Structure formats: C-alpha cells, structure tokens
Amino acid sequence: MKPPVLDPETRLLFVAMSRNQGRYFQELIDQLGINGRVLLAKHPGYGSPLRALRWARAQGIDSADWLRFKLDKARVNDESQHVVARLALQLRTLHFLDAFRRAAEDFQPDGVVLWNGAHYKQRALIDYCGASEIKLLYLELGFLPNTMAIDSHGVNYNNSLPRHADFYRDYQPRGESLLTELVKRPPRTEVGDEIELPEHYIFVPFQVYDDTQVLVHSPWVRSMEDFHQLLEDSVAALPEGWSFVVKEHPTSTRSYRQLHDRHPRVIFANANNTQQLIEDAELVVTINSTAGIEALMLGRPVLTVGKACYNVKGLVQHARSAEEFRAMISSGSYPYDADLVGRFIAYLNEQYLIPGRPRDRERFLDESHYRRMAERIAEILSEQAP
C-alpha cells in the first residue's frame with residue numbers, strides 16, 4: 001500500500017506535539033515510502049536556548065510573540081501568567097527551536113509537517129522555516145465528515161481556499177461520493193434530555209471557547225458569553241414566533257448552565273442531535289465553525305460572525321457587527337445558492353480534503369487516505385497547489 005506518487009527520496013520532517021501524532025506521522029512515512037523523520041516536540045534532543053535567542057534577535061523576531069496564543073488561552077482559563085511561568089515557557093520554546101534547527105540542518109528536509117500550527121513551539125518553528133525558506137505543510141481535521149486537510153498556508157481561516165465565488169462556479173464536479181452523516185461527538189458532561197424544537201428557529205452551535213477559531217479569528221464576538229448576549233440583544237429582530245436554538249460544543253470543558261434560562265426565545269438543546277438541529281433550522285449562525293460547512297452540505301443557509309475560510313460572497317452571509325447581524329436575520333428569508341454550494345462542497349471533497357482521520361484507523365485509514373495524502377503532498381512540494 002505504498003503510493004508511487006511521491007519520489008521515495010522525498011525528505012519530510014514531521015514535528016509531533018504528542019505521541020499519538022508521532023505514531024500517525026510514522027504510519028505516513030511507512031505507507032508513503034518516503035525518507036521521513038519524526039521529531040517529538042517534548043523530547044527534541046539537545047538545544048541551546050541562548051543560541052536560539054541570538055538567532056531570533058538577529059532576525060528581528062520578538063520571541064515573546066511566540067507565546068501570545070498560549071497566554072490568551074491561559075487568560076480565558078484563569079491560569080497563571082506570572083513572569084516566572086512566562087520565562088519557563090520562553091526557555092522551553094528556545095530550547096526546542098535550537099534542537100529543531102539542528103535536526104533540520106542535519107536532515108535537510110524538502111518540507112516540515114506539523115499539526116495546526118498555533119502551539120507556542122510551533123510558532124517558533126514557523127518563523128525559523130520562513131527565514132530558512134523551508135516549506136511548511138499544515139495538517140488539520142477536515143471540514144467534511146471523516147476528512148483531513150493539508151495546506152502550505154495554514155489551517156482554518158489561514159488556509160489557501162479561494163475566497164471568491166467565481167473559482168467555485170468554474171469547478172466541474174466529478175460526482176464522487178460524499179459522506180453526509182455528521183460525526184457524533186460524545187459530550188463531556190451530562191446534557192439532560194432532548195427538547196421539543198420550535199416550529200421556526202435559527203440554530204446557533206457554540207464553539208470551543210479557547211480554540212484559535214475564537215481567540216484569534218473572532219474579532220467582535222470574543223466568547224460564548226458574548227455570543228449569547230448577541231442573541232439576547234437580537235431577539236426583537238427575529239421574525240414573529242421564531243427562536244434561537246443553541247447547542248454547546250460537546251467537547252468543550254466549559255459549561256454554560258448559567259445562560260440556559262436567561263431568555264425564553266434563546267433555547268438550549270444540548271441533548272438534541274446536531275444533524276437534526278441543522279436540517280430543521282431556517283438558518284445556521286456560527287462564528288466560523290466547521291458546522292457552517294456542514295450546514296451548507298446539508299442544504300441550510302449560513303450566516304457567520306467571525307473570520308471563516310468559507311466567507312465567500314454568495315456562499316454565506318457574513319455580519320461584521322451586531323447591527324449587520326440583526327438586519328440579516330430580520331427578513332426570515334435567507335439566500336442559498338444550491339449550485340454554488342454544490343460546487344464548493346464538491347471541490348472540498350474531490351480536490352482539497354483527504355479522506356480518513358487517524359482517530360479511527362481501522363475504518364478510515366485505508367488506501368485512499370494514503371494515496372490522496374501522497375498526491376496532495378506532491379502537489380504542494382511541486383507548487384502545483386498551495
């Protein structure tokens with residue numbers, strides 16, 4: 001099961017933030033038949049923090065910037081941001097950076113593969129690769145059920161997906177099969193019983209509060225509490241008899257029980273099936289969640305309030321303020337261009353995304369996963385695709 005698409009001499013350095021990532025990366029190396037190496041970020045080998053600091057200063061890089069997302073997460077989680085804790089983080093990052101530098105100089109990779117790219121050690125690695133002209137390949141879970149993405153620009157809002165409708169209107173779908181059953185995520189906490197849904201409602205899926213999608217790519221809705229307040233303040237703009245139906249993200253470690261009974265037309269449905277909530281909604285409102293693309297796939301119009309890679313005019317509506325949001329929801333009729341959506345989803349399914357996810361190896365990591373991964377990596381390295 002070793003696809004011939006990639007030259008066996010292709011040299012890829014995989015940087016794993018966990019042992020699970022490391023195992024998956026080693027599987028890729030073995031299945032793709034390439035010259036690959038896995039570097040564990042927690043145990044990268046010898047590195048000199050002082051040498052890394054000198055390098056950063058010579059490049060005009062403020063190494064404190066690498067910690068920005070980590071410190072933002074600490075802030076929203078009420079964790080310590082004491083100067084000693086920051087110094088310890090910076091030293092670990094500098095140690096990793098110099099160890100990575102040594103590995104890269106020794107291995108001379110054609111590309112460096114990492115997952116997501118928001119971690120503070122990864123931020124240092126990204127700056128180093130940029131200065132050294134080493135191509136980066138970012139991995140992330142895909143937008144469609146049981147898929148992955150690999151992209152040289154980044155993940156989520158930072159990815160390379162075109163942002164203009166004409167690109168997708170010109171795409172000619174091949175008619176490949178599409179899995180439309182959403183992945184069910186077991187909730188972390190007790191969610192109670194299903195509720196009876198209103199006849200007319202707008203579905204609002206909450207997101208993980210300390211994810212990059214919220215902390216980095218949501219400029220005016222800064223938290224789930226902010227999101228709920230927006231809904232409360234906008235109830236009067238809803239068509240008569242309509243409600244907002246909210247579902248907390250099942251994998252979030254934070255509960256919002258204190259918000260559940262604040263307004264009779266902002267209803268929580270944590271136990272209801274997400275796919276049903278989408279399919280029966282008049283509209284799906286999201287900050288920038290994958291649920292937005294899932295809603296499009298399931299035939300529902302979408303309105304975003306954050307930066308999303310699918311903020312394409314004609315594909316979704318996008319509100320840049322509370323005033324725009326209220327104006328957009330007030331009509332009760334929302335645009336949905338079925339032809340454009342169909343071509344957009346087909347492009348994701350047939351060209352951009354990789355079938356399969358490593359969390360379910362037996363079901364989804366089959367020959368098609370490795371073949372498409374090999375094709376996509378070859379396209380990126382040859383600069384035929386970003």
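Hydrogens, waters and symmetry mates play no part in the numbers below; they use all other heavy atoms, side chains included. None of these values were measured; they are calculated from a predicted model.
Criterion: ILVMFWY side-chain heavy atoms under 4.5 Å apart, direct or through other members. Under it, Leu125 and Leu89 are not part of a common hydrophobic cluster. Leu13 and Met373 fall into different hydrophobic clusters, where Ile, Leu, Val, Met, Phe, Trp and Tyr are joined by side-chain heavy atoms under 4.5 Å apart, directly or via other members. In this structure, Phe14 is not a member of the same hydrophobic cluster as Leu136, with clusters built from ILVMFWY side-chain heavy atoms closer than 4.5 Å. Using a 4.5 Å cut-off between side-chain heavy atoms of Ile, Leu, Val, Met, Phe, Trp and Tyr, with links allowed through other members, Val76 and Ile287 fall into the same hydrophobic cluster. Tyr256 and Val285 fall within the same hydrophobic cluster, where Ile, Leu, Val, Met, Phe, Trp and Tyr residues are linked whenever their side-chain heavy atoms come under 4.5 Å apart, directly or through other members.
Ion pairing of Lys135 with Glu383 is present here, as a side-chain N (NZ or NE/NH1/NH2) and a carboxylate O approach within less than 4.0 Å. Ionic pairing of Glu232 and Arg262 is present here: one or more N-O contacts between side-chain nitrogen and carboxylate oxygen are shorter than 4.0 angstrom. The existence of a salt bridge linking Arg37 and Asp106 is confirmed by a sub-4.0 Å separation between a basic side-chain nitrogen and an acidic carboxylate oxygen. The pair Arg11-Asp7 fails the salt-bridge criterion, with no side-chain N (NZ, NE, NH1 or NH2) lying under 4.0 Å from an Asp/Glu carboxylate O. Checked for salt-bridge contact, Arg51 and Asp98 meet the test: a charged N lies under 4.0 Å from a carboxylate O. A salt bridge links Glu375 with Arg372: the closest approach of a Lys/Arg side-chain nitrogen to an acidic carboxylate oxygen falls below 4.0 angstrom.
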- prompt: Step by step, would you call Ser218 with Val221 a side-chain contact (heavy atoms from CB on, under 4.5 Å)?
  reply: CA-CA 6 Å; Ser218 185; Val221 179; 3.8 Å; yes
- prompt: Step by step, would you call Trp242 with Val235 a side-chain contact (heavy atoms from CB on, under 4.5 Å)?
  reply: CA-CA 9 Å; Trp242 287 32; Val235 164; over 6 Å; no
message: Determine whether Ser289 and Gln213 satisfy the following criterion, side-chain hydrogen bond (donor to acceptor under 3.5 Å, both in side chains), listing intermediate values before the conclusion.
response: CA-CA 8 Å; Ser289 168; Gln213 292 282 68; over 6 Å; no
task: Given side-chain contact (heavy atoms from CB on, under 4.5 Å), test Tyr336 with Val316 step by step and report yes or no.
output: CA-CA 8 Å; Tyr336 183 84; Val316 302; over 6 Å; no
- prompt: Can you check side-chain contact (heavy atoms from CB on, under 4.5 Å) on Arg57 and Ser63, steps first, answer last?
  reply: CA-CA 8 Å; Arg57 288 179 174 173; Ser63 59; over 6 Å; no
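With hydrogens and angles disregarded, no donor-acceptor distance shorter than 3.5 Å links the side chain of Tyr209 to the backbone of Val214. With Asn349 contributing its side chain and Ser177 its backbone, the two residues share a donor-acceptor pair below 3.5 Å. Side-chain atoms of Gln122 come within 3.5 Å of backbone atoms of Gly117 as a donor-acceptor pair (strictly under, hydrogens ignored). Distance alone, capped at 3.5 Å, places no donor-acceptor pair between the Arg102 side chain and the Gly47 backbone. Remark: the backbone N or O of Asn311 is not paired with any side-chain donor or acceptor of His318 at under 3.5 angstrom. Ser252 places no side-chain N or O within 3.5 Å of a backbone atom of His249 that could act as its donor or acceptor partner. Proximity of a side-chain donor or acceptor of Glu350 to a complementary backbone N or O of Glu176 within less than 3.5 Å is detected. No donor-acceptor pair under 3.5 Å is formed between the side chain of Arg123 and the backbone N or O of Leu67. For Gln59 (side chain) and Ala56 (main-chain N/O), no donor-acceptor pair under 3.5 Å exists by modelled atom type. For the pair His95 (side chain) and Gly45 (backbone), a donor-acceptor distance under 3.5 Å is present.
Between Asp65 atom CG and Ile61 atom CD1 the span is 9.5 Å, to the nearest 0.5 Å. Between the CD atom of Gln229 and the CD atom of Glu225 there is a distance of 10.5 Å, given to the nearest 0.5 Å. Between the CG atom in Leu137 and the CG atom in Leu12 there is a gap of 6.5 Å [rounded to 0.5 Å]. Note that CD1 of Ile354 is 12.0 Å distant from CG of Leu144, once rounded to the nearest 0.5 Å. Between atom OG of residue Ser321 and atom CH2 of residue Trp220 there is a gap of 6.0 Å, rounded to the nearest 0.5 Å. Distance check: Leu231 CG to Ile267 CD1 gives 11.5 Å after rounding to the nearest 0.5 Å.
The environment of Glu196 atom CD is sparse: at most 12 non-hydrogen atoms of other residues, nucleotides or ligands sit within 6.0 angstrom. At most 12 non-hydrogen atoms from other residues, nucleotides or ligands lie less than 6.0 angstrom from CD of Glu181. For NZ of Lys70, the number of neighbouring non-hydrogen atoms (other residues, nucleotides, ligands) closer than 6.0 Å is 12 at most. For Arg75, the CZ atom counts as densely surrounded, since its 6.0 Å shell holds more than 12 non-hydrogen atoms of other residues, nucleotides or ligands. For Asp193, the CG atom counts as loosely surrounded, since its 6.0 Å shell holds 12 or fewer non-hydrogen atoms of other residues, nucleotides or ligands. Within a 6.0 Å sphere centred on CD of Gln258, other residues, nucleotides and ligands contribute more than 12 heavy atoms. Summarising the local packing, CZ of Arg320 is surrounded by 12 or fewer heavy atoms from other residues, nucleotides or ligands at distances under 6.0 Å.
Aromatic ring centres of Tyr201 and Phe244 lie farther apart than the 6.0 Å criterion allows. Phe268 and His260 have their aromatic ring centers within a separation under 6.0 angstrom.
Aromatic ring pairs are classed by plane angle as parallel below 30°, tilted from 30° to 60° and perpendicular above 60°; the pair Trp115 and Phe25 is tilted.
Residue Asp337 is tested with Lys313, Arg169, Arg343 for a salt bridge (charged side-chain N to carboxylate O under 4.0 Å, His left out); the sole match is Arg169. Tested against Asn77, the residues Thr253, Asp210, Asp72 include a single side-chain hydrogen bond (donor to acceptor under 3.5 Å, both in side chains) partner, Asp210. Partner Met148 forms a side-chain contact (heavy atoms from CB on, under 4.5 Å) with one of Arg357, Arg376, Glu140 and no other, that one being Arg357.
Using modelled atom types, one finds a donor on one side chain and an acceptor on the other under 3.5 Å when comparing Gln26 with Asp30.
The nearest pair of heavy atoms linking Ala124 to Thr93 is CB-CG2, 3.7 Å. Annotation for Ile329 and Ser234: closest pair CD1-O, 3.8 Å, computed over non-hydrogen atoms. Gln21 and Val15 make their closest contact through OE1-O, 4.2 Å (heavy atoms, listed as atom of the first residue, atom of the second, distance). Residue Ser330 comes nearest to Pro239 through the heavy atom pair O-CG, 3.9 Å, listed as atom of the first residue, atom of the second, then distance. Looking at every heavy atom in both residues, Asn288 comes nearest to Tyr310 through C-OH, 3.4 Å. Heavy-atom minimum distance, Leu182 versus Pro145: CD2-CG, 4.0 Å.
Judged as a ring-ring contact (aromatic ring centres under 6.0 Å, His included), the pairs with a partner in residues 163-186 (not counting sequence neighbours) are, in order, Phe167-Tyr347, Tyr168-Phe344, Tyr168-Tyr347, Tyr171-Tyr347.
Under the ring-ring contact (aromatic ring centres under 6.0 Å, His included) criterion, His217 pairs with Tyr157, not counting sequence neighbours.
A cation-pi arrangement is absent between Arg101 and Tyr128 under the rule of less than 6.0 angstrom and at most 45 degrees off the ring axis.
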